[in-house]
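Report on the following structure.
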Amino acid sequence: MNIAIVCYPTFGGSGVLATELGKALADKGHNIHFITYQQPVRLVGFNANIFYHEVRVPTYPLFDYPPYETALASTMVDVVLNNNIDLLHVHYAIPHASAAYMAKQILAKQNKRIPVITTLHGTDITLVGRDKTYSPVVTFSMEESDVLTAVSNNLKEETYRNFKIEKPIEVIYNFVDVARFNKKPVNAFKNLIAPHGEKIIVHASNFRKVKRVDDVLKTFLKIHKSIPSKLLLIGDGPERPYIESLTRDCEDCAEVKFLGKQEQMEDILPIADLFLLPSEYESFGLAALEAMAAEVPVISTNAGGLPEINIDGYCGYMSDIGDTDDMAKNAIQILADPAIHAEFKANALTQALKFDISNIVPEYEALYKRVIA
Ligand code: GMT
């Protein structure tokens, strides 16, 4: 199949998932055309079946706001016509679903039928999309997509709760390439971070308010009181300056390291002993799944779709939003006893395998075949 994938090229989970999906499909022999404004961060290495089309948005003094959506729709039309594309798969509704609708209408006038699949990822529904500034367009373009998918049952329910749509939503879970993340930890790297055998606790996100990174810090400081430990904070975003300022005011924060944006999560996660994700909401929590694939137990909230991924008392624990006492208590329970830690690590891997790339990518392939037919 010749498939065009539209996504955000950044470190966000939707872009990561879309890129990993495209790479997996290309490995299976499909031709994948990425359409986005920048090379996706996870699109590294050469694959003869992968093509990248950059959306250029020419500026003009009249434009206070360059019309990205128009440029995107025009690029979609161009890519579809010149590459014999069979279907458009857009990740994240805004503005990709409405741009796809526009492209589809233009192509129809040229007698080219192009099915559109929209995959909802989370904030496109729960935070941004339901804002009345965007909601009418998001509702319309979801209805007009040939197929709508969501990355968890929770996101499907949230979509019906927030939008007046009739369209069926198919749930296709996010996935992880377990073999890539399940690597032996690099001891030299581990020793550098934790020279005295301290436990390594990791959080990775885009440092937005919804991630509650201050709760990561609060939980860590409580853990650190009874377990010698280090905290690695991975990623960057609007809350980072605030979190950094918090760490300047406390003694134990010498144990906190900000690593910034990192591309090679599969090299970092295997050295971790625990992953913290105290989010206010996660439609899925791909970062937690990648940690589990690296055999890292997860301490998370029970918000959104997280209970569909993390299993309380098995591969991690879940607490109510903001309950950092409970999160710290659970973390200590896992970390203090090597036998319990080993059991949770093994369970994390078993749980991650349910979401292995080999199980989920065929679901997308089957959907594509159905939609094209
Ligand atoms: O978490 C973010 O802020 C990024 C966002 C995105 O759209 O890239 O992530 C969303 O999609 C991911 C991939 O499907 C999910 O794993 C995340 O849980 C989801 N984030 C939220 O729902 C807040």
Under 4.0 Å between a side-chain nitrogen and a carboxylate oxygen: does that hold for Glu239 and Arg208?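 No.
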* Asked: With the threshold set at 4.0 Å, does a side-chain nitrogen-carboxylate oxygen contact exist between Glu280 and Lys211?
  ->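 Salt bridge flag = no for Lys211 with Glu280.
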Measure from the side-chain N and O atoms of [X] to the backbone N and O of [Y], and report whether any donor-acceptor pair falls under 3.5 Å.
| X | Y | value |
| --- | --- | --- |
| Asp312 | Met318 | yes |
| Asp273 | Ile201 | no |
| Ser145 | Val147 | no |
| Asp124 | Ala93 | yes |
| His203 | Leu276 | yes |
| Asn49 | Ala26 | yes |
| Glu308 | Asn153 | yes |
| His30 | Met1 | yes |

With sequence neighbours left out, the residues meeting salt bridge (charged side-chain N to carboxylate O under 4.0 Å, His left out) with Glu20 are Lys23, Arg42, Arg180
Quiz item: Among all residues two or more places apart in sequence or in another chain, which pass the salt bridge (charged side-chain N to carboxylate O under 4.0 Å, His left out) test with Lys156?
Solution: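 With neighbours one apart ignored, the set is empty.
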Checking [Y] against [X]: is there a side-chain donor and acceptor pair closer than 3.5 Å?
| X | Y | value |
| --- | --- | --- |
| His89 | Thr119 | yes |
| Asn302 | Tyr317 | no |
| Asn310 | Ser300 | yes |
| Lys222 | Thr324 | yes |
| Glu144 | Ser141 | no |
| Asn47 | Asp27 | yes |

Taking side chain as C-beta onward, heavy atoms only, is Ile172 less than 4.5 Å from Tyr364?
yes
Exercise. Tell me, with the steps shown, if Glu170 and Arg370 meet salt bridge (Lys or Arg N to Asp or Glu O under 4.0 Å).
Key: CA-CA 13 Å; Glu170 299 184 30; Arg370 204 179 82 214; 2.5 Å; yes
What is the minimum heavy-atom distance between [X] and [Y], and which atoms define it?
| X | Y | value |
| --- | --- | --- |
| Glu143 | Lys167 | O-NZ, 3.3 Å |
| Val178 | Ala352 | CG2-O, 3.8 Å |
| His341 | Pro297 | CD2-CG, 4.1 Å |
| Ser279 | Thr301 | O-OG1, 2.7 Å |

Q.
Let's go through Tyr8 and Val16 carefully: what are the C-alpha distance in whole Å and the side-chain angles of both, what is the deciding distance for side chain to side chain contact (heavy atoms under 4.5 Å, CB included) to 0.1 Å, and is it a yes or a no?
A. CA-CA 8 Å; Tyr8 282 102; Val16 167; over 6 Å; no
Tracing side-chain contacts under 4.5 Å among Ile, Leu, Val, Met, Phe, Trp and Tyr outward from Leu62 reaches Tyr60, Phe63
Taking the inter-plane angle between the rings of His33 and His53 on a 0 to 90° scale, is it parallel (under 30°), tilted (30 to 60°) or perpendicular (over 60°)?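 The arrangement is parallel - the two ring planes meet at less than 30°.
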Starting from the C-alpha separation in whole Å, work towards a yes-or-no answer on salt bridge (Lys or Arg N to Asp or Glu O under 4.0 Å) for Glu244 and Arg248. CA-CA 7 Å; Glu244 282 202 40; Arg248 284 189 202 112; 3.3 Å; yes
With sequence neighbours left out, the residues meeting ring-ring contact (aromatic ring centres under 6.0 Å, His included) with Phe163 are none
Ser152 meets the side-chain hydrogen bond (donor to acceptor under 3.5 Å, both in side chains) criterion, sequence neighbours left out, with none
Which atom pairs, one a donor and one an acceptor, fall under 3.5 Å between side chains of residues 100-108 and the rest of the protein, sequence neighbours left out?
from   : atom 1 : to     : atom 2 : distance (Å)
Lys104 : NZ     : Asp146 : OD1    : 3.2
Lys104 : NZ     : Asp146 : OD2    : 2.6

